[in-house]
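Working notes for the structure below.
Scope of the values below: all heavy atoms of this structure, side chains included, with no hydrogens, waters or symmetry mates. Both ligands and their constituent atoms are indexed starting at 1 by order of listing.
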Amino acid sequence: MTTTKVNERIFLSSPHMSDEGYELEYVKEAFDTNWIAPLGENVNGFEIELAEKVGSKAAAALSSGTAAIHLALRAAGVSEGDIVFCPTLTFSATANPIIYQNAVPVFIDSNYETWNICPQALEDAFLRYPEVKAVIVVHLYGLSADMDRIVELCKKYNVAIIEDAAESLGTYYKGKHTGTFGDYGIFSFNGNKIITTSGGGMLVSNNEEKISKARFWATQSRDQARHYQHSELGFNYRMSNVVAGIGRGQLKVLNQRVEKKKYIYEFYKRELSELEGVQFMPSNDWDEPNYWLSSMTLTGKVRPIHIFEALEAENIESRPVWKPMHLQPFFEKYDYIGEDVSENLFENGVCLPSDTKMTDEDLERVVETIKGMWLK
Ligand SMILES: *Cc1c(COP(=O)(O)O)cnc(C)c1O
């Protein structure tokens, strides 16, 4: 390696505020008007601006993406004992809210074409559990699932779709934004997502009544009365007006972030795809991904563990692909439908650092370290 500069840490994906300082302007406005909490202009503005960006009729700003999935399940009428189909290859936050509702997850395998829920496995699941109440679809690493086939199947069985688009803000499937194909879509603004508010989430839907209901649940289900009166179970899930200010600023640079993520992906692909055993995450004609995390699988003599260790030694963060839910101690008692695709992706997958603050020098450092593994 030729680099002599101090090995500053390179992150997988870390917060990246705008150069223009948009976020601080909105936050300052909240301070100046003392609209610190709970609601206010930024919350309303963020909801309207995000809904417009993705092309949805309405949105509710919430405290996390997990909270948004929870309220989506409630809005879809999922309750105790109901079955919910859920991709096995995902972050646990997709599946946990099913348990919050005392419902029962059935985990579904991925396919290699999308890394997301496999339509064939989904069809098998419908045959086995025709009474299923809702289907959660995830767009992993910003790659869109095979929505036409999934929507068609869910229509045929008349089951609600909840799209976990936590990782795919900025991704389009056939020109339409992911998160807007189902009855409900959710986004996350956690610290490592493509844009962040430090923490937060959004529930979107074309059903404005359901979104109003979600806002009501998220503010402790307070009935219209002078005294505190509650006819339903409530939650403290609303986003604060300060946090929403960060979100409004971040939304202005979303397109820039997608462009940079794509640049990072193309850089890696150009430099690494010729190495023996390397295969990059899938690309499909229908898909315009946000490239949240550039990922690849390794099936040659260089194993993922070699890459993780070599990068860590250079102070560079990398990660395995999500460990499937049906292999998690907490979830292994639930049914799983599919073959071994998600397991293979987990065993062979590497998520490369995809931080939008990376320079070409940083990318070079990552690429040289990885290439070195093939020279041993
Ligand atoms: C981050 C993430 C979530 C959860 O979002 P939070 O805002 O952290 O609660 C849900 N699903 C997936 C796939 C995620 O990556």
May I ask you to decide if [Y]'s main-chain N or O and [X]'s side chain share a donor-acceptor pair within less than 3.5 Å?
| X | Y | value |
| --- | --- | --- |
| Y336 | E339 | yes |
| H177 | G170 | yes |
| N190 | K193 | no |
| N348 | N344 | yes |

- [ ] Please work out which of E167, K193, M202 has its closest non-hydrogen atom nearest to atom 2 (C) of ligand 1.
- [x] K193
TODO: Applying side-chain hydrogen bond (donor to acceptor under 3.5 Å, both in side chains) between Y237 and each of H70, Q220, R215, report the one that passes.
DONE: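 In the set H70, Q220, R215, the residue that makes a side-chain hydrogen bond (donor to acceptor under 3.5 Å, both in side chains) with Y237 is H70.
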Need the ligand 1 atom indices (1-based, order shown) with element for anything under 4.0 Å from a heavy-atom of [X].
| X | answer |
| --- | --- |
| G65 | 5 (O), 6 (P), 7 (O), 9 (O) |
| T94 | 11 (N), 13 (C) |
| F91 | 2 (C), 3 (C), 14 (C) |
| S64 | 7 (O), 9 (O) |
| A166 | 2 (C), 3 (C), 10 (C), 11 (N), 12 (C), 14 (C) |

Give me the nearest non-hydrogen protein atom to [atom] as residue plus atom name, then the distance to 0.1 Å.
| atom | result |
| --- | --- |
| atom 9 (O) of ligand 1 | T66 OG1, 2.5 Å |
| atom 11 (N) of ligand 1 | D164 OD2, 2.7 Å |
| atom 8 (O) of ligand 1 | N190 ND2, 3.0 Å |
| atom 4 (C) of ligand 1 | A93 CB, 3.5 Å |
| atom 5 (O) of ligand 1 | S188 OG, 3.2 Å |

Task: T90 and ligand 1 - part of the residue with a heavy-atom distance under 4.0 Å - done: side chain
- [ ] On the 0 to 90° scale, with breaks at 30° and 60°, tag the Y265-F280 ring pair as parallel, tilted or perpendicular.
- [x] perpendicular
Task: N241 and E41: CA distance, side-chain angles, deciding distance, side chain to side chain donor-acceptor pair (under 3.5 Å) verdict - done: CA-CA 7 Å; N241 198 49; E41 265 318 294; over 6 Å; no
Task: ligand 1 contacted by G200 (non-hydrogen, < 4.0 Å) - done: yes
Task: Partners meeting side chain to side chain donor-acceptor pair (under 3.5 Å) with T197 (sequence neighbours left out) - done: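 Checked T197 against side chain to side chain donor-acceptor pair (under 3.5 Å); zero matches.
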Name every donor-acceptor pair, under 3.5 Å, that has one atom in a side chain of residues 117-140 and the other anywhere in the protein, sequence neighbours excluded.
| unit_1 | atom_1 | unit_2 | atom_2 | d |
| --- | --- | --- | --- | --- |
| Q120 | NE2 | D124 | OD1 | 3.3 |
| R128 | NH1 | D335 | OD2 | 3.4 |
| Y129 | OH | D335 | OD2 | 2.6 |
| H139 | ND1 | A145 | N | 3.0 |
| H139 | NE2 | E163 | OE2 | 2.7 |

